[in-house]
Trainee: 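Can you read through this structure? Questions will come right after.
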2 protein chains.
Amino acid sequence: MNTATDVDRVFAALADATRRDIVRRAIDGEEGVAELADHYPMSFAAVQKHVAVLERAGLVTKQRIGRRKVVRTNLAGLRVARRLMDQYEELWRGRIDRMTDLIADTKETHA
Amino acid sequence: MNTATDVDRVFAALADATRRDIVRRAIDGEEGVAELADHYPMSFAAVQKHVAVLERAGLVTKQRIGRRKVVRTNLAGLRVARRLMDQYEELWRGRIDRMTDLIADTKETHA
DNA sequence: CATTGATACAACCATACGGTTGTATGGAAT
DNA sequence: ATTCCATACAACCGTATGGTTGTATCAATG
C-alpha cells in the first residue's frame, strides 16, 4: 500500500532478466520498442510494459524518431542504485575500522 | 558463475525499503531477528520473512549466538549487483568511445 | 483521406508478494 | 521437567506483477 520510492522502483525494475537485457541493449540507443520486442519470446505488449517499468524507474528514456520511439538507457538512473550500494560498502569499511580501533585500544590498555 | 535468477533475487531483495534498512543495520552484525523487528511497524513474523528473503539472496547470513540468531550483512552479495551495474557503465563508456571514434573517422574522411 | 506501421492502453488471468495470526521447535533458565 | 524467550513456518488475505488479447492513438505514406 505504501507508495514505492524512487529507489524501490530502480531495484524492482532491475530484478527482471528481460528488463536488464533491455537496459543493456538500449545503451546503444538505436532500437524502438518493436525492434526490442523481436529479441524476446513474448508479445510486443509485454515488452512495451517492461519498457514502461524501466521508464518509470528513470532507467531509460524514449525519444520519438520518425514513427518509432527509440529507447535509450539513462546512466544517471543506474547511478542511483550504485550510489546506495557504495554507501553500504562505505558503512562496512567503517565497521572494520571501528573493530580495528577497538583492537588497537585493547592492545594499548594491555600495554 | 551467476545464474540470472541469483541476480534477480539480489535486486528484488533490495527493492524494499524495510529490507534495505535491515541490510544497513545488519552491517554492525549485533542484532537478532526480534531486535531488528523492534525497529519496524510490523509483526515479528513479517520481519523474519524479510530476513529470509535477504538470506536467500545471499545478502545476509545468520549465526546462532546464545538463544538468538544474529543477522549480518554479506558484502559479497552486494557486490554481485554492483558488478553488474559497473558492467553497464563500462558498456556506456564503450558507446561514447565508439561515437568519438566515429566523429574522428568522419573528420579524417573530410580532411 | 485511407491505409499502414509503431506505440499505447485496458481488461483479464494466474501467480508472487507483503502482510497478518496461529502453532511448532530449540535453547536457557528455573 | 517446565517454563520462557527467540526463531521458524504454515495458512490465509488483499494487492501487485507478468503475461495474454484486443482496441485506440498517432505519425508517415499512398
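Chain identifiers are assigned alphabetically (A, B, ...) following the order of the sequence lines, protein sequences preceding nucleic acid strands; residue numbering begins at 1 within each chain. Worth knowing before you read on, the calculation uses all heavy atoms, side chains too, and leaves out hydrogens, waters and symmetry mates.
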Trainee: Does any N or O in the side chain of B/N74 come within less than 3.5 Å of the main-chain N or O of B/L59, such that one atom is a donor and the other an acceptor?
Mentor: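 Here the side-chain-to-backbone pair does not exist.
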
Trainee: Under 4.0 Å: is that the gap between some side-chain N or O of B/Q48 and OP1 or OP2 of D/dT7?
Mentor: no

Trainee: What are the residues of residues 39-46 of chain B, sorted by number, that bring a heavy atom to within less than 4.0 Å of DNA chain D?
Mentor: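 The stretch gives B/F44, B/A45 as the residues lying under 4.0 Å from the strand, ordered by number.
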
Trainee: For A/R68 and C/dA8, what is the distance between atoms CZ and P respectively, to the nearest whole Å?
Mentor: 13 Å

Trainee: Would you call B/R82 and B/D86 a salt bridge, using N to O less than 4.0 angstrom?
Mentor: yes

Trainee: Whole-Å distance between D/dT15 P and A/D8 CG?
Mentor: 19 Å

Trainee: Would you check if the side chain of B/D16 reaches a backbone N or O of B/T18 as a donor-acceptor pair within less than 3.5 Å?
Mentor: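 Yes.
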
Trainee: Salt bridge check: are A/R98 and A/D101 linked by an N-O gap of less than 4.0 Å?
Mentor: no

Trainee: What's the verdict on salt bridge (charged side-chain N to carboxylate O under 4.0 Å, His left out) for A/R79 and B/E89, showing C-alpha distance, side-chain angles and the deciding distance?
Mentor: CA-CA 9 Å; A/R79 288 205 214 263; B/E89 206 157 336; 2.3 Å; yes

Trainee: Separation of A/K69 atom NZ from D/dT25 atom P, in whole Å?
Mentor: 15 Å

Trainee: Pull out every residue in residues 16-36 of chain B that has a heavy atom closer than 4.0 Å to any atom of DNA chain C, ordered by number, or say none.
Mentor: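 Going residue by residue through residues 16-36 of chain B, the ones with a heavy atom under 4.0 Å of DNA chain C turn out to be B/R19.
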
Trainee: Is a side-chain N or O of A/R20 found less than 3.5 angstrom from the main chain of A/L14, in a donor-acceptor match?
Mentor: yes

Trainee: Please determine whether a side-chain nitrogen of the Lys or Arg among A/E30 and A/R25 lies less than 4.0 Å from a carboxylate oxygen of the Asp or Glu.
Mentor: no

Trainee: Which pair of heavy atoms, one from B/Y40 and one from B/D21, lies closest together, and at what distance?
Mentor: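 So the two residues come closest at OH-OD2, 2.6 Å.
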
Trainee: Between A/H50 and D/dG19, is there a contact of a side-chain N or O with OP1 or OP2 at under 4.0 Å?
Mentor: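 For D/dG19, OP1 or OP2 has a side-chain N or O of A/H50 closer than 4.0 Å.
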
Trainee: Under 4.0 angstrom, heavy atoms only, what part of the nucleic acid is A/K49 near: base, sugar-phosphate, or nothing?
Mentor: base

Trainee: Taking A/H50's backbone N and O only, do any of them form a donor-acceptor pair with A/R19's side chain (distance below 3.5 Å, no angle check)?
Mentor: no

Trainee: Between A/E31 and A/L36, which heavy-atom pair has the shortest distance, and what is it?
Mentor: OE1-CD2, 3.4 Å

Trainee: Specify the closest pair of heavy atoms between A/A13 and A/V53, including all atoms of both residues, with the distance to one decimal.
Mentor: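 Smallest interatomic distance, heavy atoms only, reads CB-CG1, 4.0 Å.
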
Trainee: Output one letter per nucleotide in nucleotides 25-30 of chain C: B when a protein non-hydrogen atom lies under 4.0 Å from the base, S when only the sugar-phosphate is that close, - when neither is.
Mentor: ---SS-

Trainee: Can you check the B/Q63 CD to D/dT7 C1' distance for me, whole Å?
Mentor: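 After rounding, the gap between these two atoms is 15 Å.
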
